[in-house]
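Quick notes on the structure that follows.
One-based numbering, in listed order, for ligands and for the atoms of each.
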Amino acid sequence: MSTPAETSRTDEPVRDGAVLEVAGLVVRYGARTAVDEVGFRIERGEILGLLGPNGAGKTTTLSVIEGLRRPESGSVTVDGIDALRHPIDARARLGVQLQEFGFQPELSLEQLLRLYSGLYGVSLSRPQAREALDGVGLEQEAGKRLKGLSGGQAQRFSLLIATLHDPLLLLLDEPTSGLDPQSRRSLWQRIEASRGRGGSILLTTHSMEEAQAVCDRIVLIDHGKIVTTGSPAELIAAHREDPRVQAIAHGEPTLEDVFIALTGSDLRD
Ligand SMILES: Nc1ncnc2c1ncn2[C@@H]1O[C@H](COP(=O)(O)OP(=O)(O)O)[C@@H](O)[C@H]1O
Ligand SMILES: [Mg+2]
């Protein structure tokens with residue numbers, strides 16, 4: 001009989017802890033508190049949606065997890081690793097979707113793919129690089145530069161790069177903003193497929209349709225604070241009797257009704 005203590009002494013990494021644990025996170029820009037005591041967990045294979053209006057603190061939260069910004073206080077643990085103390089080890093477990101300006105503009109897609117696969121330690125031969133591009137519908141674009149692609153093609157390419165090393169946790173900041181409905185659905189399918197392979201995803205969005213379509217669980221934040229947490233169905237069930245939800249729902253309350261009721265109907269920019 002092996003006790004849990006004995007099991008954890010083997011060479012096998014412990015595979016039952018949270019993929020990500022954020023606790024008591026506080027981030028300030030000067031006098032402004034952008035993230036105020038935010039905490040949540042992501043379990044293996046889970047897709048968590050960080051939702052909130054513009055300026056809620058979503059991107060700032062991701063930038064701390066990615067090691068791009070140091071918080072005032074709080075902790076970030078990736079696969080049991082203290083990401084604030086060991087950012088490089090933590091970062092190796094993350095897939096981060098770069099924006100277009102993050103890539104070398106003079107290289108073709110195939111060259112970028114081979115460059116990044118080398119950086120991630122999963123070198124691809126030319127035929128393998130072609131095959132990978134083929135897999136995301138970019139076989140015709142292998143020789144093109146990123147700026148010659150449509151929005152949907154660029155998103156597919158940056159997602160391919162972010163997942164080259166089969167990351168434990170994929171971080172996506174508004175992955176479908178600016179995409180047409182076809183490209184959006186195709187991205188959702190890719191996200192679903194990644195979950196099917198046991199990957200975990202943290203995505204931000206302000207699309208309720210997206211949250212309902214792909215997220216197992218939602219953390220709703222506003223003004224840097226967590227407003228509520230739960231699965232889309234739980235959030236609707238928990239807030240359906242709220243007079244603010246009742247006041248705006250037409251019939252059955254939707255996730256969007258809950259979102260607007262809890263974050264107010266003021267416009268944000
Ligand atoms: N580099 C920055 N300098 C100063 N304030 C910032 C900076 N980045 C974001 N903010 C402010 O922090 C708050 C949270 O921003 P952000 O995390 O980008 O929100 P979201 O991604 O939810 O739209 C906003 O009030 C925003 O204006
Ligand atoms: Mg943002």
Is there a side-chain contact between Ser194 and Ile201 (heavy atoms, below 4.5 Å)?
yes
With the threshold set at 4.0 Å, does a side-chain nitrogen-carboxylate oxygen contact exist between Glu209 and Arg185?
yes
Which residue owns the protein heavy atom closest to atom 25 (O) of ligand 1, what's the atom, and how far is it?
Arg32 NH1, 2.8 Å
Assess, by modelled atom type and distance only, whether the side chains of Thr33 and Asp36 contain a donor and an acceptor separated by less than 3.5 Å.
no
Residue Asn54 vicinity, atoms of ligand 1 by number, heavy atom under 4.0 Å
23 (O)
Using a plain distance cutoff, I'd like to know if Thr60 has any nitrogen or oxygen under 3.5 Å from a nitrogen or oxygen of ligand 1.
yes
Among all protein heavy atoms in this structure, tell me which lies nearest to atom 18 (O) of ligand 1, with the distance rounded to 0.1 Å.
Thr59 CB, 3.8 Å
Nearest non-hydrogen protein atom to atom 24 (C) of ligand 1, with distance, is Gly55 O, 3.7 Å
Could you tell me whether a side-chain N or O of Thr263 sits under 3.5 Å from a main-chain N or O of Phe259, the two making a donor and an acceptor?
yes
Counting only nitrogen or oxygen atoms and a 3.5 angstrom limit, does Ala34 reach ligand 1?
no
Are Leu235 and Val38 in one and the same hydrophobic cluster, where Ile, Leu, Val, Met, Phe, Trp and Tyr link if side-chain heavy atoms are under 4.5 Å apart?
no
Please test Glu139 against Arg130 for salt bridge (Lys or Arg N to Asp or Glu O under 4.0 Å), starting from the C-alpha separation and ending with a verdict.
CA-CA 6 Å; Glu139 64 280 13; Arg130 292 276 171 157; over 6 Å; no
Treat each ILVMFWY residue as a node, draw an edge where side-chain heavy atoms are under 4.5 Å apart, and state whether Phe103 and Leu124 are in one component.
yes
Any protein heavy-atom neighbour for atom 11 (C) of ligand 1 (distance below 4.0 angstrom)?
yes
Same cluster (ILVMFWY, side-chain, under 4.5 Å), Leu168 and Val96:
yes
Can Gly52 be said to touch ligand 1, with heavy atoms closer than 4.0 Å?
no
Are Ser200 and Arg44 close enough that a side-chain donor and a side-chain acceptor fall under 3.5 Å?
no
Where is the nearest protein heavy atom to atom 3 (N) of ligand 1: which residue, which atom, and how far?
Tyr29 CD2, 3.5 Å
Side-chain donor-acceptor pair under 3.5 Å between Thr204 and Glu174, yes or no?
no
Which atoms of ligand 1 are found less than 4.0 Å from any heavy atom of Ala56?
19 (O), 20 (P), 22 (O)
Heavy atom of the protein closest to atom 19 (O) of ligand 1 (residue, atom name, distance)
Gly57 N, 3.2 Å
Below 2.8 Å of the Mg ion (ligand 2), tally up the protein N/O/S atoms for me.
1
Give the intermediate values and the outcome of salt bridge (Lys or Arg N to Asp or Glu O under 4.0 Å) for residues Arg195 and Glu46.
CA-CA 7 Å; Arg195 181 192 9 215; Glu46 190 175 39; over 6 Å; no
